[in-house]
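Reviewing the structure listed below.
Because only heavy atoms are used, hydrogens play no part in the values below, and waters and symmetry mates are left out as well, while side chains stay in.
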Amino acid sequence: MKHVSSSLLLFMFLCLFCACKETEKEKNTRLVKEWEGKALAFPSYSTFTIQGRDTVHFTFPHSEYKIVTYVDSLGCKENEFHFDRWKTFIHEVDSLTGNDVFFVFYFNTKDRDNLCNIAKRNHFIYPVCVDETDVFNHLNQFSKELHTQTFLLDEADQVITMGNPINDVEVKEKYMKIMANVME
């Protein structure tokens, strides 16, 4: 009898544990809801570069939408960032919106030269901010997961949705559907 009740308790505990465990999709939905409507804070001073050449401080041009990506380190993550896919996505968005969406890339890396070399090797000609002191993250407290570090913002820098459109077809379709309203 004692063995049966111990087994029953273990079974009930396992059922409760499994019922309480959040699925990946549920977690992503929860994160999106937490960030929706929240305004991202940008550092008061950011220096951007194109392939390590011209470094400039500039203000973001006015646009109805911005796509902002934070990369918490580069190191061996060249293949995770997918410069080639980003170039294709930017071209698709520009074609859809008439160049009315601004892309912002913040890289937290101590190896500026490596990032610039990777950008050159991949012919990535879009401005990126090398945020060596991780100011952008400190202002916003981003998740460590790469798929939760890209945001579609409105003109007031408030999050409309989030997710990585490069690695997730559903997220890409959602971004494109939202941005298609630029043309209407």
Side-chain angles (χ1 to χ4, degrees), residues 28 31-72 74 81-109 112 115-116 118-120 122-143 146-184:
N28 289 340
L31 285 171
V32 169
K33 287 183 183 198
E34 285 176 14
W35 280 92
E36 282 179 347
K38 181 179 177 183
L40 288 190
F42 291 92
S44 59
Y45 185 86
S46 296
T47 301
F48 286 78
T49 183
I50 297 175
Q51 297 181 350
R53 292 185 294 232
D54 308 318
T55 56
V56 294
H57 170 74
F58 69 86
T59 56
F60 305 132
H62 175 75
S63 61
E64 190 166 348
Y65 298 107
K66 289 182 192 77
I67 295 178
V68 177
T69 298
Y70 167 75
V71 181
D72 63 359
L74 193 59
F81 183 71
H82 300 289
F83 286 91
D84 56 333
R85 291 187 197 170
W86 274 104
K87 290 189 308 186
T88 300
F89 180 65
I90 291 168
H91 178 72
E92 289 174 29
V93 170
D94 286 348
S95 296
L96 175 72
T97 65
N99 298 324
D100 197 33
V101 174
F102 188 69
F103 287 81
V104 181
F105 299 96
Y106 275 86
F107 286 86
N108 170 241
T109 179
R112 176 188 175 85
L115 172 62
C116 295
I118 293 169
K120 284 179 194 174
N122 286 278
H123 308 287
F124 194 77
I125 58 168
Y126 302 93
V128 299
C129 177
V130 181
D131 184 9
E132 293 174 310
T133 57
D134 207 18
V135 174
F136 190 46
N137 179 41
H138 291 296
L139 290 171
N140 295 287
Q141 301 300 307
F142 297 121
S143 166
L146 187 62
H147 69 275
T148 62
Q149 296 175 342
T150 300
F151 303 87
L152 176 61
L153 306 181
D154 64 15
E155 58 191 332
D157 295 333
Q158 291 184 327
V159 176
I160 298 170
T161 192
M162 66 184 283
N164 192 325
I166 302 309
N167 298 328
D168 188 325
V169 174
E170 288 180 28
V171 171
K172 178 181 177 182
E173 289 172 359
K174 185 175 184 179
Y175 276 43
M176 298 301 263
K177 183 178 177 183
I178 293 168
M179 292 181 296
N181 290 329
V182 171
M183 298 305 292
E184 294 179 0

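- The distance between the ring centers of Phe142 and Phe136 falls below 6.0 angstrom.
- A salt bridge links Lys172 with Glu92: the distance from a Lys NZ or Arg NE/NH1/NH2 to an Asp or Glu carboxylate oxygen falls below 4.0 Å.
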message = Pair Phe107, Tyr70 - check ring pair (Phe, Tyr, Trp, His ring centres under 6.0 Å), show working.
response = CA-CA 6 Å; Phe107 286 86; Tyr70 167 75; 9.0 Å; no

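- By the 4.5 Å heavy-atom criterion applied to side chains, Tyr106 and Thr69 are not counted as neighbours.
- Not a single donor-acceptor pair under 3.5 Å links the side chain of Asn140 to the backbone N or O of Leu40.
- Taking a 6.0 Å sphere around CD of Glu170, one finds it holds 12 or fewer heavy atoms contributed by other residues, nucleotides or ligands.
- When ring centroids are compared, Tyr65 and Phe151 stay outside the 6.0 Å threshold.
- The structure places CZ of Phe83 at 11.5 Å from CD1 of Ile166, a figure rounded to the nearest 0.5 Å.
- Residues Phe103 and Pro127 are not in side-chain contact: their nearest non-hydrogen atoms beyond the backbone lie 4.5 Å or more apart.
- Contact of the Ser63 side chain with the Val101 side chain is not registered, since no non-hydrogen atoms from C-beta on lie closer than 4.5 Å.
- Between Val104 and Ile67, the closest side-chain pair of non-hydrogen atoms is not below 4.5 Å.
- Residues Leu152 and Lys174 fail the side-chain proximity criterion, which asks for heavy atoms closer than 4.5 Å.
- The two residues Gly163 and Tyr175 make their nearest non-hydrogen contact at O-OH, 2.8 Å.
- Between Thr47 and Val130 the shortest side-chain heavy-atom distance does not fall below 4.5 Å.
- In this structure, CZ on Arg85 lies 9.0 Å from CG on Asn164, to the nearest 0.5 angstrom.
- In this structure, Lys66 and Glu155 approach most closely via the heavy-atom pair NZ-O, 4.2 Å.
- Between the side chain of Asp154 and the backbone N or O of Gln158 there is at least one donor-acceptor pair closer than 3.5 Å.
- Of all heavy-atom pairs between Thr150 and Pro165, the closest is CG2-CD, 3.7 Å.
- Of all heavy-atom pairs between Ala156 and Ala39, the closest is O-CB, 4.5 Å.
- Of the possible donor and acceptor atoms, none in the side chain of Glu132 sits under 3.5 Å from a partner among the backbone N and O of Asn108.
- If you take CD on Glu173 and CD1 on Ile178, they are separated by 12.0 Å, rounding to the nearest 0.5 Å.
- Checked against the 6.0 Å centroid threshold, Phe124 and Phe105 count as a close aromatic pair.
- The main-chain N or O of Asp84 is found under 3.5 Å from a side-chain atom of Thr88 such that the two form a donor-acceptor pair.
- A distance of 12.0 Å separates OG in Ser95 from CD1 in Ile90, rounded to the nearest 0.5 Å.
- Note that CG of Leu115 and NZ of Lys120 are 11.0 Å apart. Values are rounded to the nearest 0.5 Å.
- Pro43 is listed as a side-chain neighbour of Leu139, based on a closest heavy-atom distance under 4.5 Å.
- Across all their heavy atoms, Leu153 and Ile160 have their closest contact at C-CD1, 3.8 Å.
- Taken to the nearest 0.5 Å, the CG atom of Asn122 stands 6.0 Å off from the NZ atom of Lys87.
- When all heavy atoms of Val171 and Met162 are compared, the closest pair comes out as CG1-O, 4.4 Å.
- Annotation: Trp86 is not in aromatic contact with Tyr126 [ring centroid separation under 6.0 Å not met].
- Residues Met179 and Val93 meet the side-chain proximity criterion, which asks for heavy atoms closer than 4.5 Å.
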